[in-house]
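Reckoned from all heavy atoms, side chains included, excluding hydrogens, waters and symmetry mates. Note that the structure is a prediction, hence the values are computed from the model and not measured.
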Amino acid sequence: MKVDLNADLGESFGNYKCGMDEEVIQYVSSVNVACGFHASDPVVMAETVRLAKEKNTAVGAHPGYPDLVGFGRRNMAVSPKEVKAMVQYQIGALQAFCEAAHVSLQHVKPHGAMYNMAAKDEKLAYAIAEGIYEVDSGLILLGLSGSQLIKAGEQVGLRTANEVFADRSYQADGTLVPRAQKGAVIEDEETAVQRTIRMVQEGVVTSIDGTEIPIKADSVCLHGDGKKAVAFARLLQEQLTEAGVTIVPITQVIA
């Protein structure tokens, strides 16, 4: 059994340091690089692509809403046309750095509020998927497992990868519990790891209200900006491997 292990990197900007990119990247097979709207800047983007190339880690674009203050986690009332343009703009920016470094861009994963809104909003999801397809139909759309975003990607003709979250709680409808709600983030590392292994091997997860819901895990997201991020990344990689799961880039999971 194979699965991709991904992390959001390149989220520092200017004088502000965010995350432990050089440490976390050792344990993942794909990275989602912020493209300047919710975080990052041109220098950080270039350095993150360089780091991924050095570590032989697949690169994806991580476009978000133009919301540095809220780190892209605040919902915005924008039209599908605007979202499509935002996504294309950010993909184009990262593609330039990838081409300069002779690195292939593997996938696109929307960030934060854009990601969560598109999981439920059919029109928003389609705008994102269409935007990606028009830029490069060979890119993979990484989205919440079973979401409208995955359905939209399939509809426009993109390859899609279903993503699950190692340290986030789920609602009964398969969406993530909002961060503002108690219990949204799973603090106990061992619990998070065992839930992840179950999602990958059995295709099921227990929601916050106790409901057993089906889920598909092509890629597992771990967050690289927490206090224990590196230790958790190491633990997750080790225990997935011990459970007989091979960690590979997305292209090798959905090929």
Side-chain angles (χ1 to χ4, degrees), residues 2-64 72 87-112 115 131-133 135-143 158-161 163 166 218-226 229-234 236-238 240-241 245-255:
K2 298 178 181 179
V3 75
D4 172 60
L5 191 56
N6 79 75
D8 304 339
L9 301 187
E11 293 180 322
S12 300
F13 61 95
N15 295 324
Y16 299 93
K17 173 70 173 178
C18 180
M20 294 168 278
D21 293 6
E22 292 188 3
E23 293 83 2
V24 170
I25 199 171
Q26 301 177 61
Y27 303 104
V28 299
S29 46
S30 298
V31 294
N32 318 303
V33 183
C35 302
F37 273 35
H38 76 277
S40 199
D41 62 36
V43 172
V44 172
M45 291 168 71
E47 284 299 307
T48 307
V49 170
R50 179 200 60 76
L51 178 62
K53 180 179 182 180
E54 179 184 305
K55 300 298 182 182
N56 196 30
T57 305
V59 176
H62 199 33
V87 168
Q88 291 182 325
Y89 183 96
Q90 292 174 81
I91 293 172
L94 188 65
Q95 272 188 328
F97 291 112
C98 286
E99 290 179 8
H102 305 290
V103 171
S104 296
L105 188 62
Q106 173 187 249
H107 68 278
V108 178
K109 172 190 169 180
H111 165 80
Y115 180 99
I132 297 168
Y133 187 88
V135 172
D136 184 348
S137 61
L139 292 171
I140 297 166
L141 173 55
L142 180 58
L158 289 170
R159 289 183 295 165
T160 61
E163 182 180 39
D218 297 318
S219 183
V220 177
C221 176
L222 64 89
H223 292 101
D225 56 352
V230 178
F232 179 62
R234 184 188 304 114
L236 185 59
Q237 184 210 52
E238 289 175 352
L240 279 168
T241 302
V245 179
T246 304
I247 297 172
V248 296
I250 299 170
T251 50
Q252 297 182 41
V253 177
I254 66 171

Exercise for the section: Determine which pairs satisfy side-chain hydrogen bond (donor to acceptor under 3.5 Å, both in side chains) with at least one residue from residues 41-51, sequence neighbours left out, and list them in order. Expected result: E47-R50, R50-E54
Could you list the donor-acceptor pairs under 3.5 angstrom formed by side chains in residues 32-39, with sequence neighbours left out?
from	atom 1	to	atom 2	distance (Å)
N32	OD1	H107	NE2	2.7
N32	ND2	N6	OD1	2.8
N32	ND2	A7	O	3.4
N32	ND2	D8	OD1	2.7
H38	NE2	E11	OE2	3.1

Completion exercise
In terms of heavy-atom contacts, C221 and E163 come closest through CB-OE2, 3.1 Å
Exercise for the section: Please check if the side chain of S29 supplies one atom and the backbone of V248 the other of a donor-acceptor pair under 3.5 Å. Expected result: yes
Practice task
Please answer whether the main-chain N or O of S30 pairs with a side-chain N or O of T57 as donor and acceptor at a distance below 3.5 Å.
Solution key: no
Completion exercise
So the side-chain hydrogen bond (donor to acceptor under 3.5 Å, both in side chains) pairs with at least one residue in residues 87-104 (sequence neighbours excluded) are Q88-E134
Problem - Distance, nearest 0.5 Å, that separates CG of L5 from CD1 of I247 - result: 5.0 Å
Handout entry: Nearest-0.5 Å distance that lies between atom CD1 in I250 and atom CD1 in I140
Key = 5.5 Å
Handout entry: From K2 atom NZ to S219 atom OG, the distance as rounded to the nearest 0.5 Å
Key = 14.5 Å
Exercise for the section: Determine yes or no for a side-chain-to-main-chain donor-acceptor pair under 3.5 angstrom, with S40 supplying the side chain and G10 the backbone. Expected result: yes
Problem - Non-hydrogen side-chain atoms of Y27 and V230 separated by less than 4.5 Å - result: yes
Problem - Any donor-acceptor pair under 3.5 Å from H62 side chain to K109 backbone - result: yes
Practice task
Quick one: pull up OH in Y133 and CZ in R159 and give me the separation to the nearest 0.5 Å.
Solution key: 12.0 Å
Exercise for the section: Answer yes or no: is there a side-chain heavy-atom contact under 4.5 Å between I91 and I132? Expected result: yes
Handout entry: More than 12 heavy atoms of other groups within 6.0 Å of E22 CD
Key = no
Handout entry: Gap separating the CG atom of L94 from the CE atom of M45, nearest 0.5 angstrom
Key = 4.5 Å
